[in-house]
J.: 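Sending over a structure as structure tokens; questions will come in a sec.
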Amino acid sequence: MAFDQVRVRLAPSPTGDPHVGTGYIALFNFVFARKNKGKLILRIEDTDQVRSRASSEQMIMESLRWLGLDWDEGPDVGGAFGPYRQSERRHLHQEHANKLVTSGHAYRCFCTSERLDEMRAKQKADGSQLGYDRHCRNLSDAAISANLSASKPFVVRMKMPTDGVTIVKDLLRGNVEFENQRIDDQVLLKSDGYPTYHLANVVDDHLMKISHVIRAEEWVSSTPKHVLLYEAFGWEQPTFVHMPLLRNTDKSKISKRKNPVSLRYYQRAGILPEAMVNFLALMGWSFGNDIEIFTVSEMIEKFELERINLGGPIFDQTKLNWMNNQYMQKISTGRFVEYLRDQIFNIDQLLKIKPFAVERMDRFDQFLDNNIFFFNGALKYDGIPLVPAGKTNDEMITMLGRLAETLDEVYDWSMDPIKQAMDAVKTELNWKPKDYFMPIRLVVTGRKDSPPLVESIEIIGREMTRFRLRDAADYLKAHPQKTPS
Ligand code: GLU
């Protein structure tokens, strides 16, 4: 191996919740790095200015720490190959895009978005191959100079070969061939000077001396573009390893409509981190001898990349619960008490609940009964009429789905943004307040007489609120309720 050390990276885009898939890929990178006395680098891929969020970066780091998967270099711990946030490396990406323009591997494209829209519409109408028609690929020097003098905005596109094949060597999949003529002249640098994923990813992997790229299967189709970039720069490629995608029980790609996907949800739901890590390990790897329960250290000891198994791993909640129970049976009393104290009855939560709790009880023995929904996970909806008069079961399901989706985007989990999101859905679906708020209250608290709704939602928290909305929608799909007359 020409790389003198194993250096792997986890490169999440901070655009949402910390995904179980990120935990899964992090685990395999972590184990491989530790096995080979190498380094794990955390690089934040925040070049999508519109969707990237500092709060998401923070949550990703917290969830990885919760899982015990720590990194050797990263935005918070530093390192010799920083900065570790791509947005702070723009000068490097621009410099490398310019190098490719100079060496003839890339070109400036001055096409306006109107022209590109027309081109696309025409391609669709003709049924021809979609993609950039390479209009600017062979502009004369004079035309380029004129455009530059006129300060016309441009992107930098990669000059892809028009025939032959590009071979991606994947450690697990062997050689995967891609026909070059189907690869678009990819944008490398946008007109605002920000790089696209392909350029930033390759330039940073190279500059950070990444020896192995271990990432999810969904990136396989991007890899020929990366291989061509390595070739254009004259750089050595890392070893590519594409892990099988996590799937829902119906084998579709894991999605939040069918499974909670946020690591924070599982933390809130009382899954022990060691159980989660063990479960994620089984998604792509087997310990051998039918052993299912093992620690990360045991995994590191026995780990070989070659033994990763490519069958579509199913993210099965029942199995996860079983696994968690195995760990719970073994935890010490000290940890058991600590867990309940820190995770379930934690002081911040109790402080928020207190003003509402004292209004609604005269004795402490009523506390749990009155406030159980602040601590519980899934609620039971049997016998609770969730669908309001004048609305159908389907309308209620749609509303719950839209509200969950809208709340997915509320990162600042405080009363005003929560209220705005709720009002937005009410307006969008044109529901009357009297039909709208009570069913939501029943879904998120399980009772009619909870403390004020928005306050309750704030305390129940982002993960559990969204979970209950989706869970209630599933409940109504399975147990349709007649509209009360
Ligand atoms: N930023 C990409 C992601 O969010 C990184 C993919 C890769 O590892 O190359 O998953």
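As the structure lists them, so they are numbered: ligands from 1, and atoms in each ligand from 1.
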J.: Just verifying a value: how many Å separate Y194 OH and L199 CG, rounded to the nearest 0.5 Å?
T.: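 Y194 OH to L199 CG: 14.0 Å, rounded to 0.5 Å.
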J.: Among pairs that include at least one residue of residues 256-275, which meet ring pair (Phe, Tyr, Trp, His ring centres under 6.0 Å), considering only residues two or more places apart or in two chains?
T.: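 Only Y265-F467, Y266-F315 qualify under ring pair (Phe, Tyr, Trp, His ring centres under 6.0 Å).
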J.: Answer with yes or no after comparing the ring centroid distance for Y197 and H226 against a 6.0 Å cut-off, counting only values under it.
T.: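 Here the rings of H226 and Y197 have centres that are less than 6.0 Å from each other.
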J.: Looking only at distance, does P12 have an N or O less than 3.5 Å from an N or O of ligand 1?
T.: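 Min N/O separation from ligand 1 is not below 3.5 Å for P12.
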J.: Would you call E73-K39 a salt bridge at under 4.0 Å N-O?
T.: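 The answer is no: the pair does not qualify as a salt bridge.
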J.: Show which atoms of ligand 1 fall inside a sub-4.0 Å distance from at least one heavy-atom site of N201.
T.: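 Here the atoms of ligand 1 in question are 7 (C), 9 (O).
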J.: Quick one: look up the protein heavy atom nearest atom 1 (N) of ligand 1 and list residue, atom name and how far away it is.
T.: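 Of every protein heavy atom, E45 OE1, 2.6 Å lies nearest to atom 1 (N) of ligand 1.
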J.: So which protein heavy atom does atom 4 (O) of ligand 1 come closest to, and at what separation?
T.: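 Here the closest protein heavy atom is S13 OG, 3.1 Å.
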J.: Tell me, which protein residue and heavy-atom name are nearest atom 10 (O) of ligand 1, and how many Å apart are they?
T.: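 Result: W219 CZ2, 3.4 Å.
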J.: Heavy-atom count around R182 CZ within 6.0 Å, excluding the residue itself: above 12?
T.: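 No, the 6.0 Å shell around CZ holds no more than 12 heavy atoms from other groups.
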J.: Note the single closest protein heavy atom to atom 8 (O) of ligand 1, along with its residue, its atom name and the distance in Å.
T.: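 Result: R9 NH1, 2.7 Å.
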J.: Between Y327 and N278, do the side chains contain a donor N or O and an acceptor N or O under 3.5 Å apart?
T.: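 Y327 and N278 do have a side-chain donor-acceptor pair below 3.5 Å.
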J.: Among all protein non-hydrogen atoms, which one is nearest to atom 5 (C) of ligand 1, and what is the separation to 0.1 Å?
T.: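 Looking only at protein heavy atoms, the one closest to atom 5 (C) of ligand 1 is A11 O, 3.2 Å.
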